[in-house]
Visitor: 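I'd like to ask some things about the structure below.
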Number of protein chains: 2
Amino acid sequence: MATIREIAEKAGVSSGTVSFILNGKADKMRISASTQKRVLEVAREMGYLPSISARRLRNEGEKNIPIITLLWTLDARASLVSRFLQGIQNLSLYRDGLFELLIQPYENGKLHEVDSLYTGTRFNGAIITNASNEDMDFLENNKLKVPLVVYLRETKKYSSVTVDGKLTGNMVASYLADKGHKEVGIVIPNISSQAIELRQEGFLNGITEYNLKNTHTLSGDFSEDGGYKTMRALIKQSGELPTALFFLSDPMAIGALSACNEFGLRVPEDIEIIGHDNNEQAPYTYPSLTTVHLPVEEMAIACVHQLMDTINHQIESPVSLQFKTEIIERRSC
Amino acid sequence: MATIREIAEKAGVSSGTVSFILNGKADKMRISASTQKRVLEVAREMGYLPSISARRLRNEGEKNIPIITLLWTLDARASLVSRFLQGIQNLSLYRDGLFELLIQPYENGKLHEVDSLYTGTRFNGAIITNASNEDMDFLENNKLKVPLVVYLRETKKYSSVTVDGKLTGNMVASYLADKGHKEVGIVIPNISSQAIELRQEGFLNGITEYNLKNTHTLSGDFSEDGGYKTMRALIKQSGELPTALFFLSDPMAIGALSACNEFGLRVPEDIEIIGHDNNEQAPYTYPSLTTVHLPVEEMAIACVHQLMDTINHQIESPVSLQFKTEIIERRSC
DNA sequence: TTGTAGGCGTTATCAA
DNA sequence: TTGATAACGCCTACAA
């Protein structure tokens with residue numbers, strides 16, 4: 001908390017001297033050992049913490065590169081950040097050092113606690129991911145100081161990079177109908193998410209459209225464990241099982257496969273399972289997981305491009321970019 | 001690149017006026033529409049980019065909180081960041097806002113390209129993860145401006161948070177010997193990593209110690225795909241198989257299980273498989289994966305504590321903290 | 001409605 | 001050896 005000048009005063013030297021000592025240039029400047037020791041002592045006592053922004057301002061000189069922050073939730077979805085980053089790392093803008101990328105964790109539903117969105121004191125632009133409905137409300141209703149791009153959420157106010165969630169849901173319903181299913185179910189992660197809701201809505205509408213019957217609407221934690229427990233509960237109860245289940249997230253589908261294996265329910269013979277996301281693990285489950293491919297890598301690149309264009313004043317008003325999903329057929333469905 | 005003053009000059013107004021306009025306070029200040037328009041025009045032309053550090057310095061006022069950066073590699077291991085963060089999010093230091101946490105991606109083997117380690121212009125301290133041997137050499141041989149804690153690598157020069165990799169390797173060998181195995185193999189991710197080398201060394205020493213025979217030393221990409229391909233190649237070749245395989249990373253073991261399932265090799269009857277890390281997916285594979293638990297969450301907390309103590313001058317010389325691993329028995333071994 | 005000046009913390013430079 | 005000072009870019013209270 002102490003500044004270099006406060007230390008200087010207390011140690012009875014000038015701030016320049018303190019700076020040299022604290023930065024290991026004391027010997028080069030031939031500052032006496034006793035002074036060094038005294039200053040270091042005082043700095044420790046006072047709890048000196050260099051001000052990064054002051055340092056940086058001083059050194060910034062010519063190159064003032066935009067800082068882009070990826071706001072990612074500190075929850076189970078943290079593992080999804082991996083694919084997003086892998087998209088960005090091949091981006092030439094990134095390799096040429098035309099922007100600096102940082103990831104800042106935030107707590108789901110508490111985007112409003114990220115002060116720097118108001119103050120603009122941390123980054124030149126942000127990519128918002130995994131926003132809950134409350135987070136979206138916050139974004140819609142507040143004037144922020146920083147350009148934003150919203151990932152996987154629809155909004156009129158900001159640029160966004162999305163997929164057509166309803167269409168995805170419909171596509172899955174159609175796919176199941178084509179495979180001859182009559183009674184199907186859906187398993188939803190219990191998180192607040194517009195993207196999840198749209199998929200669900202599209203699926204349920206599709207069910208009606210294709211004359212299927214929705215026998216089960218289940219929910220559980222967004223995790224392997226959540227999927228496992230949901231599936232186990234379904235197996236243990238005595239009622240009829242649907243012939244197919246649509247899991248709105250791959251980790252849940254993976255947990256469910258595990259429950260099926262454990263309790264002797266055969267996939268796909270007794271029940272078919274389809275997931276969503278096409279995570280890295282999906283091809284390697286048993287049986288391998290049929291799932292909806294979400295083009296995360298391409299969307300990540302689009303997010304960066306949109307944000308950079310906004311920061312560089314190339315874009316005037318919000319632009320919405322929509323990507324396509326597709327079903328990847330494997331063994332489970 | 002243009003500063004507020006340059007814009008002011010070009011637009012023929014003062015820098016204060018420009019500031020008001022650029023920050024949306026023009027109306028409050030009753031600046032004429034024509035001036036506003038002109039200034040915005042010029043700002044766009046000149047490509048104005050606010051200097052984050054200047055803004056921040058101006059606003060910092062009383063609270064100068066340490067910024068901690070997690071330097072994480074932009075490769076397959078990005079998915080492991082999830083458990084690390086989950087450790088930190090429960091930390092009271094974090095919840096009380098006693099530090100700011102950022103994640104900065106870096107390319108494996110190119111830690112030396114992270115300039116801010118020399119300049120100290122981005123963060124007050126860093127946690128280095130996934131360092132390759134070249135990265136470690138770089139750290140050992142350079143004087144950096146920022147306090148560091150090294151995760152999962154041993155070093156005398158910096159504080160570190162590790163496990164005893166040799167002991168882990170030995171433990172696995174002992175475990176396999178106890179289960180009656182005679183001929184075993186090891187599968188190594190082809191990345192440069194001291195941690196991997198230590199595990200391998202400990203395992204091979206253990207093999208000798210417990211009178212086992214090491215029939216296969218294989219390697220592959222650090223990923224599910226790498227494990228799958230390695231296992232498939234092993235199955236396809238006609239020679240004898242070992243009765244147990246130690247995979248030095250869970251994703252590889254998961255890929256290998258998939259290959260076994262696909263080609264009709266029964267686990268654990270025909271071959272036993274043990275992994276390393278205890279990733280979230282390990283309990284949900286088929287069969288569930290026996291693996292070595294790496295206490296990532298606890299280690300993450302230790303990293304932050306050590307780093308904060310260093311930043312706050314509580315620690316004088318490097319401290320090395322060692323955590324314990326343990327074998328989690330499931331079905332695969 | 002616009003301009004001016006001071007200050008945030010650090011560091012390079014120049015002077016003593 | 002050490003001290004004083006200017007400058008980095010932005011913001012804002014105050015003056016005009």
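Naming: A, B, ... by sequence-line order, numbering from 1 per chain. Quantities reported herein were computed from a predicted structural model and do not represent experimental measurements.
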Visitor: Could you tell me whether Ser19(B) contacts a base, only the sugar-phosphate backbone, or nothing, with contacts defined as non-hydrogen atoms closer than 4.0 Å?
Guide: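 Ser19(B): base contact, heavy atoms under 4.0 Å.
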
Visitor: Nearest-nucleotide wise, let me know which of Thr35(A) and Ala54(B) is further upstream toward the 5' end of DNA chain D.
Guide: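 This one resolves to Thr35(A).
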
Visitor: DNA chain C: Gly16(B) or Arg30(B), which has the more 5' nearest nucleotide?
Guide: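 With Gly16(B) and Arg30(B) compared, the 5'-side residue is Arg30(B).
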
Visitor: Under 30°, 30 to 60°, or over 60°: which ring-plane class applies to Trp72(B) and Phe84(B), parallel, tilted or perpendicular?
Guide: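 Plane angle over 60°, so perpendicular.
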
Visitor: Would you classify Ser53(B) as touching base, sugar-phosphate or nothing, given that sugar-phosphate means primed atoms plus P, OP1 and OP2, and contacts are heavy atoms under 4.0 Å?
Guide: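 Answer is nothing: Ser53(B) stays at 4.0 Å or more from every strand.
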
Visitor: Measure CD1/Ile52(A) against C1'/dT10(C) and give the value in whole Å, please.
Guide: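 My rounded result for the distance is 11 Å.
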
Visitor: How many Å lie between CD1 on Ile4(A) and P on dG9(C), as a whole number?
Guide: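 After rounding, the reported distance stands at 11 Å.
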
Visitor: Between P on dG3(C) and NZ on Lys25(B), what's the gap in Å once rounded to a whole number?
Guide: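 In whole Å, dG3(C) P and Lys25(B) NZ are 19 Å from each other.
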
Visitor: Let's see if you can work this out: which of dT11(C), dC11(D), dC10(D) has an atom nearest to the side-chain heavy atoms of Lys145(B)?
Guide: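 Within the option list, the nearest is dT11(C).
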
Visitor: Is any side-chain heavy atom of Ile67(A) less than 4.5 Å from a side-chain heavy atom of Arg122(A)?
Guide: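 Ile67(A) vs Arg122(A): side chains apart.
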
Visitor: For dG9(C), does either OP1 or OP2 sit under 4.0 Å from a side-chain N or O belonging to Arg5(A)?
Guide: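 For Arg5(A), the contact criterion (side-chain N or O under 4.0 Å from OP1 or OP2 of dG9(C)) is not met.
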
Visitor: Looking only at side-chain atoms of Thr17(B), point me to the closest of dT10(C), dG3(C), dT2(D).
Guide: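 Output: dG3(C).
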
Visitor: Would you say Ser51(A) places a side-chain N or O within less than 4.0 Å of OP1 or OP2 belonging to dG9(C)?
Guide: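 It does not, given that no N or O in the side chain of Ser51(A) lies less than 4.0 Å from OP1 or OP2 of dG9(C).
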
Visitor: Regarding dC8(D), can its base be found pairing with the side chain of Arg58(A) as donor and acceptor, where the two atoms are less than 3.5 Å apart?
Guide: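 Check fails, no donor-acceptor contact within cut-off.
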
Visitor: From Leu91(B) CG over to Glu297(B) CD, what is the distance, rounded to the nearest 0.5 angstrom?
Guide: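 Atom-to-atom, Leu91(B):CG and Glu297(B):CD are 13.0 Å apart.
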
Visitor: Given atom CD1 of Ile31(A) and atom P of dG3(D), what is their separation to the nearest angstrom?
Guide: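 Atom-to-atom, Ile31(A) to dG3(D), this comes out as 9 Å.
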
Visitor: Mark yes or no for a side-chain to base donor-acceptor pair under 3.5 Å between Arg56(A) and dT10(C), with no hydrogen or angle criteria applied.
Guide: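 Side chain to base: no pair below 3.5 Å.
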
Visitor: Ile21(A) has an atom CD1; how far is it from atom P of dT1(D), in whole Å?
Guide: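 For the pair Ile21(A) CD1 and dT1(D) P, the rounded distance is 12 Å.
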
Visitor: Tell me which residues in residues 112-123 of chain A lie within less than 4.0 Å of DNA chain D, going by non-hydrogen atoms.
Guide: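 Close to the strand, none.
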
Visitor: Could you tell me whether the phosphate oxygens of dG9(D), OP1 or OP2, come under 4.0 Å of any side-chain nitrogen or oxygen in Ser15(B)?
Guide: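 Answer is no, no contact under 4.0 Å.
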
Visitor: With side chain to side chain contact (heavy atoms under 4.5 Å, CB included) as the test, pick out the partner of Leu85(A) among Leu101(A), Val296(A), Leu80(A).
Guide: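 That would be Leu101(A); it is the only one of Leu101(A), Val296(A), Leu80(A) passing the side chain to side chain contact (heavy atoms under 4.5 Å, CB included) with Leu85(A).
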
Visitor: What pair of heavy atoms forms the shortest contact from Gln306(A) to Leu321(A), and how long is it?
Guide: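 In terms of heavy atoms, the two residues are closest at NE2-CB, 3.4 Å.
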
Visitor: Give a yes/no answer on whether the side chain of Asn23(B) brings an N or O atom under 4.0 Å of OP1 or OP2 in dC11(D).
Guide: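 True: Asn23(B) side-chain N/O within range (under 4.0 Å) of dC11(D) OP1/OP2.
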
Visitor: Phe20(A) CZ to dT5(D) P: how many Å, rounded?
Guide: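 About 16 Å, once rounded to whole Å.
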
Visitor: Please report the distance, rounded to the nearest Å, between CZ in Arg55(A) and P in dC8(C).
Guide: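 Atom CZ in Arg55(A) sits about 19 Å away from atom P in dC8(C).
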
Visitor: Whole Å only: how far is the CE atom of Met46(B) from the P atom of dG9(D)?
Guide: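 Result: 12 Å.
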
Visitor: How close do Pro295(A) and Val163(A) get, counting heavy atoms only, and between which atoms?
Guide: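 The answer is CD-CG1, 4.3 Å.
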
Visitor: Rounded to the nearest 0.5 Å, what's the gap from CG on Leu111(A) to OG1 on Thr129(A)? Could you check?
Guide: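 Leu111(A) CG to Thr129(A) OG1: 9.5 Å, rounded to 0.5 Å.
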
Visitor: Report the C-alpha distance between Leu57(B) and Ser51(A) in whole Å, list the side-chain angles of each, state the deciding distance to 0.1 Å, and finish with yes or no for side chain to side chain contact (heavy atoms under 4.5 Å, CB included).
Guide: CA-CA 8 Å; Leu57(B) 177 59; Ser51(A) 160; 4.3 Å; yes

